[in-house]
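Each chain gets a letter, A, B and so on, in the order its sequence line appears, and its residues count up from 1.
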Amino acid sequence: MNIATNIGRLHSFGWVQNPSNFDNLQKVVSIFNPHSSHYQLLRDSLVDTLIPLDQIKNNLHEKLSNGIALFTYEELVGTKQDIHGNTNVSRKDAVADSLIQVSIESQAKNTRGKRWTDNWTASGYLSWALSLHFVDIDHETGFYHITDQGMEFSEADDTHMKRILRDALLAYPPASRVLDILAHADRAVTKFYIGERLGFKGESGFTSYDERLMIKWVEYESSKSERTKIKQSVEGTADKYARMICKWLEKLGLVESSRDEIEKNSEKISLFKRYRITGAGLHALRQSRGSSKNKQVQKYVAWEFLGTKVQNVNYVRTRRAMILNFLKKSQSKRALLEHLTDYGFTDLDTILDKDIEGLNAIGIRIISESDRYILVDDINEIYIPNIGVTDNLHDIELEQEKSKLISETNLPLKYYELLDIAYDGSRNRDYEILATDLFINVCGFQGTVLGGARKPDAVIFTDEYGVIVDTKAYSNGYPKNLQQEDEMVRYIEDNQKRDADRNNTRWWENFDPFVSTFYYLWVSSTFINKFDEQLVSTYKRTSTHGGAIGVVALLSFASLIRESKLTLQDFANDMQDVVLNYSV
DNA sequence: TCGGATGATCAGTGTGCTAT
DNA sequence: AATAGCACACTGATCATCCG
């Protein structure tokens with residue numbers, strides 16, 4: 001569960017399937033640089049000419065016209081939809097609907113004149129930019145932004161670009177792993193040999209085919225077209241990752257390739273491509289490892305690198321991230337085991353060694369001795385998203401959030417209990433009463449708790465405006481809910497019509513009769529998924545603005561009001577059918 | 001072939017029902 | 001009256017090969 005804020009969905013990255021073109025990568029990174037020529041091309045032509053869906057086009061156009069360089073996943077990667085917005089369509093009927101899609105020309109640009117790519121390749125390019133740390137994500141807001149290296153890369157010429165890429169690939173663990181595999185191989189090897197040694201083996205996201213088996217298959221296949229088919233269609237996921245990484249390294253001169261040919265029945269048969277590390281590659285690898293820890297290139301590792309297709313992938317990634325963060329400080333196996341156990345991870349006896357083996361295989365070097373693990377590489381501290389993958393972790397995160405709020409705000413102590421109540425579905429009534437209490441006695445609203453059938457949970461008001469309040473305690477956050485929306489719409493209309501025949505509870509009489517402007521407000525723990533749609537829809541159905549406020553924002557809001565850093569009129573102005581996001 | 005392209009897959013969501 | 005629990009259909013992100 002996410003306690004802190006309303007972040008979007010978590011996306012995978014770190015393992016890259018399709019992209020291999022550095023110029024395209026530079027374009028993608030330049031989307032985040034308003035001074036780049038590509039940004040200007042997007043603004044002046046690509047978005048308008050290639051995206052046929054008005055709403056998406058207008059939104060992107062407006063952002064680009066204002067020089068904005070923060071984008072969401074959806075704005076960057078897009079989806080698969082046809083011109084009418086139907087998503088259940090075949091890819092060949094999909095139209096362009098994102099910045100990266102229109103930044104990269106399709107392979108079919110010459111045959112079919114298609115000048116944009118699909119959402120899978122778009123997501124691959126975003127993943128590549130994130131993996132090389134040219135782009136990063138702000139986990140609080142869900143916006144992607146450029147990094148310093150990214151800005152340098154965006155503005156680099158050809159020669160400079162290669163130098164930046166060389167450094168970035170040496171800091172990208174899978175690429176350094178591939179170089180390491182090649183450095184230790186005593187011959188030129190195929191993608192299958194490399195794939196077998198790359199990634200978390202045994203997990204379905206890293207399949208690899210046996211090198212000898214594949215070579216034999218091609219050798220003994222008599223039909224030329226069948227041989228071609230095998231060579232271009234048969235590879236595991238890890239083999240594919242290996243091929244792409246080798247290609248990148250080859251373009252930078254760190255790896256070279258060759259192709260075996262054999263002669264059978266006076267026919268030349270070409271086998272699989274083989275890769276070998278070059279002198280420059282060996283030198284770069286040694287240099288990046290340095291003679292001492294200070295001289296090492298710091299490797300960039302993100303939580304998302306640490307697992308792909310495996311059961312409970314978030315749990316697994318968090319466990320591995322916690323292992324790495326811990327090994328930065330201590331080598332003791334026993335202490336590590338205790339640390340993970342404290343956070344609620346189980347089955348560690350068998351799993352710990354496997355994780356260490358897997359981490360080595362993705363390019364993070366850890367030596368295992370009898371009583372300690374030695375993290376050889378220098379890596380960054382890994383950001384671990386607050387998603388409470390174990391019960392203990394969840395409790396710990398909640399406590400941390402609570403103590404942070406208590407230290408940064410100055411409210412009467414009883415209100416901090418809201419943090420617990422908001423997540424406890426069985427204490428809905430408590431939440432209603434205490435939240436209304438906060439609005440009235442701390443924020444300075446007038447108003448009352450109502451409750452009961454056919455009445456909102458509470459009404460609050462000032463001399464200027466009134467608010468219809470619906471409060472819900474939800475353990476996992478408040479998702480979009482049509483019944484709740486209908487109910488709120490009914491209350492808004494009740495209040496507009498004020499007709500006792502329509503609703504004989506006459507609950508609206510609790511507002512001061514002179515108040516004529518009204519808003520709606522949902523109060524809960526957090527708001528998840530597509531709750532935004534509920535807000536927009538409520539406005540469209542009633543022409544009444546409002547908002548939603550989570551418990552952390554609610555307490556922050558009260559604190560800001562109390563310190564006179566915010567007024568109740570600001571609150572009304574913020575009611576633009578969004579989740580209100582106050583923080584101290 | 002190289003550099004993506006494509007249909008398949010599966011976990012995550014919304015929805016509507018029942019039991020409590 | 002409202003929520004948890006469940007089955008269900010749908011979708012979107014990601015995979016696993018596949019291919020012009």
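Distances were taken from every side-chain heavy atom of A:His11 (C-beta onward) to each of C:dT3, C:dA13, B:dA5; the shortest belongs to C:dA13. Taking every side-chain heavy atom of A:Leu482 into account, B:dT15 is the closest of B:dT1, B:dA5, B:dT15. Set against B:dG14, B:dA5, C:dT3, the side chain of A:Lys472 has C:dT3 as its closest nucleotide. In the set B:dA5, C:dC18, C:dA13, C:dC18 carries the atom at the smallest distance from any side-chain atom of A:Arg243. Comparing C:dA16, B:dG4, C:dT14 against the side chain of A:Thr237 picks out C:dA16 as the nearest. When distances run from any side-chain atom of A:Tyr209 to the nucleotides B:dG4, C:dA16, C:dT17, the shortest one goes to C:dT17.
Side chain A:Gln17 to base C:dA16: a donor-acceptor pair is found below 3.5 Å. A donor and an acceptor atom never sit less than 3.5 Å apart when one is taken from the side chain of A:Arg112 and the other from the base of C:dG20. Between the side chain of A:Asn119 and the base of C:dA13, no donor-acceptor pair of N or O atoms lies under 3.5 Å.
Rounded to an integer number of Å, the gap from NZ of A:Lys309 to P of B:dA8 is 14 Å. Regarding A:Lys231, its NZ atom lies at a distance of 17 Å from the P atom of C:dG20, rounded to whole Å. Distance A:Arg317 CZ to C:dT14 C1': 11 Å, rounded to the nearest Å. Atom OH of A:Tyr241 and atom C1' of C:dA16 are 9 Å apart (whole Å). Atoms CG (A:Asp486) and C1' (B:dG14) sit 14 Å apart, rounded to a whole Å.
Taking every heavy atom of both residues into account, A:Leu130 and A:Asp136 meet most closely at CD2-CA, 3.9 Å.
Here the two rings, on A:Trp248 and A:Trp128, have centers that are under 6.0 Å apart. A:Tyr520 and A:Tyr539 have their aromatic ring centers separated by at least 6.0 angstrom. If you look at A:Phe272 and A:Phe192, their ring centroids are closer than 6.0 Å.
Heavy atoms of A:Phe13 sit nowhere under 4.0 angstrom from any nucleic acid atom. Across all strands, A:Arg259 comes closer than 4.0 Å only to sugar-phosphate atoms, never to a base (heavy-atom distances).
A donor and an acceptor atom, one from each side chain of A:Thr117 and A:Ser106, are nowhere located under 3.5 Å apart.
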Pairing pattern in dot-bracket form [Watson-Crick, G-U; both distances under 3.5 Å; | = partner strand] for DNA chain B: .|||||||||||||||||||
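A cation-pi contact, defined as under 6.0 Å to the ring centre and within 45° of the axis, is absent between A:Lys455 and A:Tyr491. With a 6.0 Å cutoff to the six-membered ring centre and a 45° limit on the axis angle, A:Arg320 counts as a cation-pi contact of A:Phe200.
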